[in-house]
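Residue indices begin at 1 and follow the sequence shown. Given the structure is predicted, the values throughout are model-derived calculations rather than measurements. One-based numbering, in listed order, for ligands and for the atoms of each.
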Amino acid sequence: MVWKEAVSVLQKAQELKEPPLMFTVFLASFIGLAFFFYLISNHRTKAWRGIPPGTFGWPLIGETLEFLGCQRKGNPRDFFDSRTQKYGNVFTTSLVGHPTVVFCSPEGNRFLFSNENKLVVNSWPSSVGNLFRSSLITTVGDDAKRLRRILMTFLRPEALREFVGRVDSMTKRHLAEHWIGKDEVTALPLLKRYTFSLACDLFASINNKDDLGRLWLHFMVFVKGVMQIPIDLPGTRYNKAKHAANAIRQQLGSIINERKIGLEAGNASPEQDLLSFLLSNVDEQGESLTDNEIQDNILLLLYAGHDTSSSTLTVLLKFLAENPHCYEEVLREQLDIAGSKEAGQLLEWEDLQRMKYSWRVAQEALRLFPAAQGSFRKAIKEFIYDGFTIPKGWKMYWTVNSTHRKSEYFSNPETFDPSRFEGEGPPPYTFVPFGGGPRMCPGNEFARLEILVFLHNIVKNCKWNLVNPGEKVIVDPMPAPVNGLPIKLVPHDSVYI
Ligand code: HEM
C-alpha cells in the first residue's frame, strides 16, 4: 500500500509540468530511507548467530509482496523453490512484518505439527488476529483446546452425520435453481454462493434471501482484507475488512439474541445448527462461550469454511472436464450409490463412505491446488532445528507448496492422477492440505461432506466442457481460475436428480 500511495503521488506530480519541490524532497527521502533500511535489514540475518540462512527483504513489508505476488501469478511455489535452491529446506525471510523461518519438507511439517504447545504455538499475522479477535485461530494452549472441544461437538463426524440429508436437499435446490437447464454457467461464483449459503444455514440457520445477501456483501469485503499488511487507513483493504467484520458481528449478535429467546421458549432446537450447539453446550468447568466468542467463532468458520470448499470444488470441476476417464469413474461410482436408494431418498453418512474414488479425485485436486497454502507458528522458547537456532518469539511458516508437487514424493507430480491415493497413499507429512497435529483443520469432515454431496448431485445430472480450455489458476488468496471457470453443461439423456 505504501508503494501504491507513493506511485499515486508520483502520477499526480507527473500531470503537472514541473514537480513541486515538496514532492521531490518527499520522493528522495522515501527512496533514501527505503534503501538504507533495505541494506540494514539484509544484514540483519547475519547478525543472529546460527539462524537459518535467508534475507529479510524490505523494512516492514519484508518479502511479503514477493510472497503474495508469486501466488497471484499462479506460481506460489516459486517463492519457496527459489529460496530452497539457494538456502536449503529451512530458510529465513520476513513476512507480514515479522522475521519468519520457513520449513520446507515433510520433516519440517512433522516437527511443527508435533511440537504445538511444546516449542511452538499457532500465530497468525496481527491482521488476522485483529479481525478474528477471540476465535479459535487467535487462541493458544488451554484456551484453544477448550474452544476446539466445543466447536468439535458440531464438526465431528458423529454430529455431522445428522446433517447429510439437509446438505443433500440444499444441494439439489441450489442445482435446480442455478445450474440445471442452463447451457453455460460460471462455476466459481456459483460455488461460492453454494458453500456460503450452506455454511450460513448449518452454522446459524440464516437462509432468508435478504439476510444472506447482506451478509454476503460484507463478507466479500472482509475476505479481501484478511491476509493483508495491516495498514489501518481509510480505503485500505484491511481497514474495509475491519468495518465489514463489525457489520457481520452486529448481524450475528441480533441472531444470537433471537435464538436465546427461541431456545428458552422451546421454539428453537438445541441441535438445529452450530449456533444452537454453542449456546447449549458447556465445557467441563460448566462454562459456555460468551456472545462475543460465539460471534467471533462463527465469523471464523464462515471465513475458513466457504472459500476453501468452493475453491476446491471449482478446480475439481476443471480437472474432471480435462480428464474424462476420471469423470466416467466418478459417474459410475455415484450412479451405483444412487441406484441403491429409493426414489426421493436423501443421501446418508454411510453413502459418503462409499464414495472412495470420488474422494481420491478431490484429494488429487487438493494436492495440485490446495485451498490453504500453509500456516504460521511462533517459537515459545529458543530451540534448535536441523542445526539452526530458532530464536524465541520468531515466526515459522509451513506450506503445502514445499511437498505437494515434488517428484521425490509424488511421481509425475504435475499429472492429475487420483490413483496415487490408493492403498497407503503418499508418504506421511507430504500430503497436508488440512495441516496436521493439534491445529489440523477442524472443518475437514465438513469440507468432505460438502464436496462429495455436490459431486454426487452434479455428475448425476450432467457432464461439462471448459469454455476456456487451459484457463490459468491463480491464488488470491485461494486458488481460482482467472475467469471463474465458465463451463458448458451437457445434460445426460436420463435425469437422476
Ligand atoms: C477444502 C477445504 C479446506 C481446507 C483445504 C482447509 C485447510 C486448512 C488448513 C491448512 C488450516 C491450517 C492448519 C494449521 O494451522 O496448521 C485450517 C485451519 C482451520 N480450518 Fe480449514 N480447511 C478447509 C475447510 C474448512 C471448513 C469447511 C471449516 C469450517 C467448517 C474450516 C475451519 C477451519 C478452522 C476453524 C481452522 C483454524 C484451526 C485452528 O487454528 O486450530 N476449514 N484449514
Side-chain angles (χ1 to χ4, degrees), residues 103 108-117 120-125 128-129 132 134-141 143-152 154-157 159-160 163 167 191 194-196 198-204 226-227 273-274 277 296-316 359 362-378 395-401 403-404 429 431-455 475 477-479:
F103 287 61
N109 292 342
R110 189 201 335 244
F111 182 85
L112 289 183
F113 296 156
S114 56
N115 277 300
E116 182 77 23
N117 297 325
V120 305
V121 288
N122 204 38
S123 176
W124 286 88
V128 177
F132 290 106
S134 65
S135 71
L136 174 61
I137 206 168
T138 60
T139 42
V140 296
D143 291 342
K145 283 186 197 154
R146 166 181 165 259
L147 271 181
R148 208 175 162 98
R149 252 193 325 267
I150 296 180
L151 293 178
M152 289 311 284
F154 178 81
L155 293 171
R156 69 190 204 284
L160 286 179
F163 291 91
V167 173
L191 286 167
Y194 163 69
T195 53
F196 188 71
L198 207 68
C200 286
D201 187 63
L202 295 184
F203 295 167
V226 174
M227 278 302 279
D273 56 19
L274 170 70
F277 267 72
D296 293 342
N297 280 292
I298 293 187
L299 174 68
L300 168 67
L301 291 188
L302 285 173
Y303 170 77
H306 91 279
D307 255 9
T308 44
S309 302
S310 55
S311 159
T312 305
L313 275 169
T314 306
V315 289
L316 188 50
W359 183 239
Q363 285 179 305
E364 183 64 342
L366 277 165
R367 181 183 71 82
L368 286 164
F369 287 111
Q373 305 304 301
S375 171
F376 290 90
R377 301 288 189 268
K378 187 169 80 177
K395 299 263 185 173
M396 281 144 282
Y397 186 72
W398 70 265
T399 171
V400 288
N401 295 300
T403 51
H404 278 202
Y429 299 99
F431 176 65
V432 284
F434 295 103
R439 301 306 297 224
M440 183 175 171
C441 173
N444 63 339
E445 285 293 338
F446 186 91
R448 192 172 78 99
L449 165 61
E450 317 179 84
I451 291 167
L452 289 178
V453 172
F454 185 85
L455 205 51
V475 183
M478 311 274 160

message: Less than 4.0 Å is my threshold; does some heavy atom of Arg439 fall inside it relative to ligand 1?
response: yes
- prompt: At the 4.0 Å heavy-atom cut-off, does Trp398 count as touching ligand 1?
  reply: yes
- prompt: Below 4.0 Å from any atom of ligand 1, is there a heavy atom belonging to Arg377?
  reply: yes
statement: When distances are taken from atom 1 (C) of ligand 1, the protein heavy atom at minimum range is Thr312 OG1, 3.4 Å
message: Please list, in number order, the atoms of ligand 1 under 4.0 Å from a heavy atom of Asn122.
response: 15 (O), 40 (O)
- request: For Gln373 and ligand 1, answer yes if some heavy atom of the residue is under 4.0 Å from a ligand atom, otherwise no.
  value: no
- request: Please name the pair of heavy atoms, one in Ser135 and one in Leu147, separated by the smallest distance, quoted to 0.1 Å.
  value: C-CD1, 3.8 Å
task: Measure Arg148 to ligand 1 on non-hydrogen atoms and call it side chain, backbone, both or neither using the 4.0 Å cut-off.
output: side chain
Polar protein atoms near atom 21 (Fe) of ligand 1 [N, O or S; cut-off under 2.8 Å]: Cys441 SG
message: Parallel, tilted or perpendicular, judged at 30° and 60°: which one describes the rings of Phe111 and Phe103?
response: parallel
message: Taking the ring centre of each residue, are Phe132 and Trp124 less than 6.0 Å apart?
response: no
query: Considering only heavy atoms, does Phe203 approach ligand 1 within less than 4.0 Å through its side chain, its backbone, both, or neither?
result: side chain
query: Of the backbone atoms (N, CA, C, O) and the side-chain heavy atoms from C-beta on, which set of Leu300 has a member under 4.0 Å from an atom of ligand 1: side chain, backbone, both, or neither?
result: side chain
query: Of all the atoms in ligand 1, which lie at a distance below 4.0 Å from a heavy atom belonging to Ile137?
result: 40 (O)
query: Looking at Asp273, Leu274, Val167, which one forms a side chain to side chain contact (heavy atoms under 4.5 Å, CB included) with Leu202?
result: Val167
message: Give me the atom names and distance for the closest heavy-atom approach of Pro438 to Phe113.
response: CD-O, 3.3 Å
Minimum heavy-atom distance Leu302-Ala199, with the two atoms named: CD2-CB, 3.8 Å
- prompt: Among Met396, Arg377, Lys395, which one satisfies side chain to side chain contact (heavy atoms under 4.5 Å, CB included) with Ser123?
  reply: Lys395
Check: Tyr194 and Leu313 side chains under 4.5 Å, non-hydrogen atoms: yes
